[in-house]
2 protein chains.
Amino acid sequence: MVSTLADVARAAGVHPGTASKALNPDSRHLVAAVTVQRVREIAAELDYQPNSFARGLRTSRSFTIGLLVPDLTNPLFPPIVRGIEEVLGAAGYSALIVNTDNDAKKEMQLFMTLLSRRCDGFILATAFRQDPVVEAISKRNIPAVLVNRSTESHLLPAVAGDEVAEVRDAIKYLVKLGHRRIAHVASPQNLSPGYIRHRAFLTTIRDLGLEPEECPVVVATGFNEAAGEAASKELVSHSTSRPTAILAGNDQLAIGVMDRLSTTGIKCPEDISVIGFNDIPRMDRINPALTTFALPKHEMGVKAAQILQAWIEGTSIPEPSTIYLPCPLIIRDSTGPAPS
Amino acid sequence: MVSTLADVARAAGVHPGTASKALNPDSRHLVAAVTVQRVREIAAELDYQPNSFARGLRTSRSFTIGLLVPDLTNPLFPPIVRGIEEVLGAAGYSALIVNTDNDAKKEMQLFMTLLSRRCDGFILATAFRQDPVVEAISKRNIPAVLVNRSTESHLLPAVAGDEVAEVRDAIKYLVKLGHRRIAHVASPQNLSPGYIRHRAFLTTIRDLGLEPEECPVVVATGFNEAAGEAASKELVSHSTSRPTAILAGNDQLAIGVMDRLSTTGIKCPEDISVIGFNDIPRMDRINPALTTFALPKHEMGVKAAQILQAWIEGTSIPEPSTIYLPCPLIIRDSTGPAPS
DNA sequence: CTGAAAGCGCTAACAG
DNA sequence: CTGTTAGCGCTTTCAG
């Protein structure tokens with residue numbers, strides 16, 4: 001068994017209360033320097049580890065944060081997690097990480113179990129545009145911040161990519177290359193990125209004076225390659241009216257679109273240019289290398305964690321607004337001049 | 001604030017002890033069915049969540065497991081984590097996940113903080129061939145299992161790919177294609193996969209009657225593309241004596257090797273065939289698509305988790321031996337007949 | 001079947 | 001500066 005505070009106190013010939021003060025940085029100054037020294041030595045000797053159950057029970061602090069992600073297997077999320085861990089880990093917090101698979105029921109259930117573990121705060125990369133968990137958190141006034149997704153009702157602070165700017169930059173870039181028939185394969189609309197990009201697409205098309213009927217949108221039923229392939233089938237079937245450029249909702253959808261193109265015998269980028277979003281790993285190595293926007297994943301994690309830490313520790317209560325981080329356009333080989 | 005067991009008991013008109021029994025599946029049978037019913041209803045109404053600090057303090061069980069991985073950003077690990085979560089999550093455990101970056105000091109430090117959080121068990125994907133953390137765990141007799149890596153001293157059960165079979169299969173396959181000059185770019189030797197594959201390479205070369213001096217080994221200084229590129233520089237510099245096939249220590253190293261080949265103007269697979277290990281995502285989409293071995297990542301996680309759970313719950317104390325899972329060879333475009 | 005009481009290990013308020 | 005005390009919320013004997 002491991003040793004307890006009482007063991008340390010006994011060995012040091014002091015009262016447990018005193019030992020506690022000696023060992024705790026915030027109350028060390030209340031104890032004589034020699035005593036502190038002795039207690040610490042003995043603690044080290046017995047390699048005493050404070051029982052975090054007991055401490056938590058007393059202080060109502062766990063130094064644990066709950067981290068909800070849709071799926072760690074999606075390469076978007078690990079860098080975010082690392083960014084979070086980098087700041088919160090250094091501050092003494094550990095992360096309880098769960099995968100929700102974009103399942104609202106699972107999300108709520110997992111949240112409840114994390115809640116009963118008394119997490120000091122939460123970071124959610126899982127929010128739906130309307131999200132009961134977000135409401136539950138907000139109602140209970142628990143520190144929490146959203147990352148990569150935001151909710152319709154701005155109940156919690158969020159850190160996300162600047163999706164509106166991305167879409168505008170993408171379309172401007174394509175127009176400069178001579179494209180006028182630009183289509184959008186949108187990701188599902190119940191999550192903010194899909195919805196925001198879709199809306200930004202519509203308004204940008206209008207703002208730039210393109211013909212809306214030449215710029216169709218089709219909403220994919222998922223986030224992966226297969227969904228992209230399925231969604232673009234109809235889009236590229238009529239060789240006369242087909243777009244010359246396709247903006248996919250994310251990189252995986254873009255790959256699916258390119259799969260469809262290659263099975264249909266359409267060349268990318270000669271016939272149709274394709275753009276993705278997020279710049280997940282190895283998009284520079286697929287064929288053709290994908291033009292996409294670099295979401296600052298690590299930085300998003302860092303920012304979210306900083307906001308959460310300040311909130312937990314009472315340094316600053318954040319506004320429930322969204323911070324939009326810029327996403328540079330990475331031009332590679334999947335885009336080129338519009339065919340003549 | 002959330003409600004406590006005492007609140008529930010009061011509202012139900014019973015003693016807290018009784019409420020506790022009524023709510024706990026294992027002791028429910030000690031309480032009258034009607035009472036159980038009433039207490040449960042009231043608990044649900046107040047949405048009572050047991051305080052896990054208090055419970056843990058009393059029971060010395062946290063229903064938490066510590067999960068140490070080198071780097072979540074390496075696509076090898078998320079599927080393992082998901083496999084683990086799948087079994088342990090269903091059993092009521094949550095996972096505290098930390099990244100060690102293959103830094104022994106960081107590993108020990110993080111382990112100690114997880115220990116003070118009273119994890120019921122550990123799964124390590126981080127073990128070095130000699131690993132102080134593994135020794136510390138073993139000495140304290142804490143349930144823990146290794147995954148993807150094993151230690152020299154078989155102190156803990158482990159689940160890994162069958163690296164010896166992989167290497168043998170790889171070389172046999174290459175020999176069948178006519179290769180006799182086969183080189184190995186090994187991954188660092190302080191981790192079991194690098195070491196085991198290296199040894200298997202040596203013995204297989206001998207067993208198959210190839211000339212050892214025609215089958216050089218160079219040990220890479222890291223696990224990534226850059227390390228693979230650097231390690232293969234020398235190997236392919238002499239056009240007369242260069243190998244016709246290279247077995248890289250993992251997929252990232254293999255990509256590095258292919259980078260080197262393409263900058264040197266050597267064609268893959270026409271001039272040199274390349275094989276990787278693990279089959280990380282999108283190896284089927286790079287150019288040329290990589291021939292590699294499919295490590296059963298998810299299954300490894302599942303197996304490790306099952307062993308751990310049985311150990312924690314006392315169902316079965318496992319042998320400290322390694323389970324080797326078969327890894328099928330996935331033949332793609334980076335391998336072909338030896339040049340004549 | 002239910003109630004009473006003790007105590008897990010710690011911290012924080014207060015007294016000396 | 002150090003000791004005393006109480007109690008966080010729960011489970012688990014032991015009595016009734």
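Every chain is numbered from 1, with letters handed out A, B, ... down the list of sequences.
- At whole-Å resolution of the value, CG in A:Leu57 and P in D:dC8 are 9 Å apart.
- Not a single donor-acceptor pair under 3.5 Å links the side chain of B:Ser116 to the backbone N or O of A:Pro50.
- Near DNA chain D, meaning a heavy atom under 4.0 Å away, the residues from residues 31-43 of chain A are A:Val31, A:Ala32, A:Thr35.
- Between B:Arg61 atom CZ and D:dT12 atom P the separation is 11 Å, expressed in whole Å.
- The closest donor-acceptor contact from the side chain of B:Gln49 to the backbone of A:Met112 lies under 3.5 Å.
- By the salt bridge (Lys or Arg N to Asp or Glu O under 4.0 Å) test, B:Glu107 pairs with no residue at all, sequence neighbours left out.
- Taking the salt bridge (Lys or Arg N to Asp or Glu O under 4.0 Å) definition, one finds that A:Arg82 meets it with A:Glu85, B:Asp71, B:Asp101, sequence neighbours left out.
- Whole-Å rounding puts the A:Arg28 CZ to D:dT2 P distance at 14 Å.
- Summary for the helix from C:dC1-D:dG16 to C:dG16-D:dC1: the axes at its two ends, each from 5 pairs, differ by 40° when rounded to the nearest 10 degrees.
- Residues that satisfy the ring pair (Phe, Tyr, Trp, His ring centres under 6.0 Å) test with B:Phe122, not counting sequence neighbours, are B:Phe111.
- A:Glu152 pairs by the salt bridge (Lys or Arg N to Asp or Glu O under 4.0 Å) definition with A:Arg129, not counting sequence neighbours.
- Regarding B:Phe53, its CZ atom lies at a distance of 16 Å from the C1' atom of D:dG7, rounded to whole Å.
- With sequence neighbours left out, the side-chain contact (heavy atoms from CB on, under 4.5 Å) criterion links B:Glu299 to B:Pro296, B:Lys303, B:Leu325.
- The side-chain hydrogen bond (donor to acceptor under 3.5 Å, both in side chains) analysis of residues 310-325 of chain B, with sequence neighbours excluded, yields the pairs B:Tyr93-B:Glu313, B:Gln309-B:Glu313.
- Counting only residues at least two apart or on different chains, no side-chain hydrogen bond (donor to acceptor under 3.5 Å, both in side chains) pair has a member in residues 22-31 of chain B.
- Following rounding to the nearest Å, B:Leu23 (CG) and D:dC10 (C1') show an atom-to-atom distance of 11 Å.
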So if I define the base as every atom that isn't primed, P, OP1 or OP2, how would nucleotides 10-16 of chain C read as a B/S/- string at a heavy-atom cutoff under 4.0 Å? BBBB---
N/O donor-acceptor pairs under 3.5 Å from side chains in residues 134-146 of chain A, not counting sequence neighbours:
none

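- Take B:Arg61 and apply the salt bridge (Lys or Arg N to Asp or Glu O under 4.0 Å) test, not counting sequence neighbours, and it matches B:Asp120.
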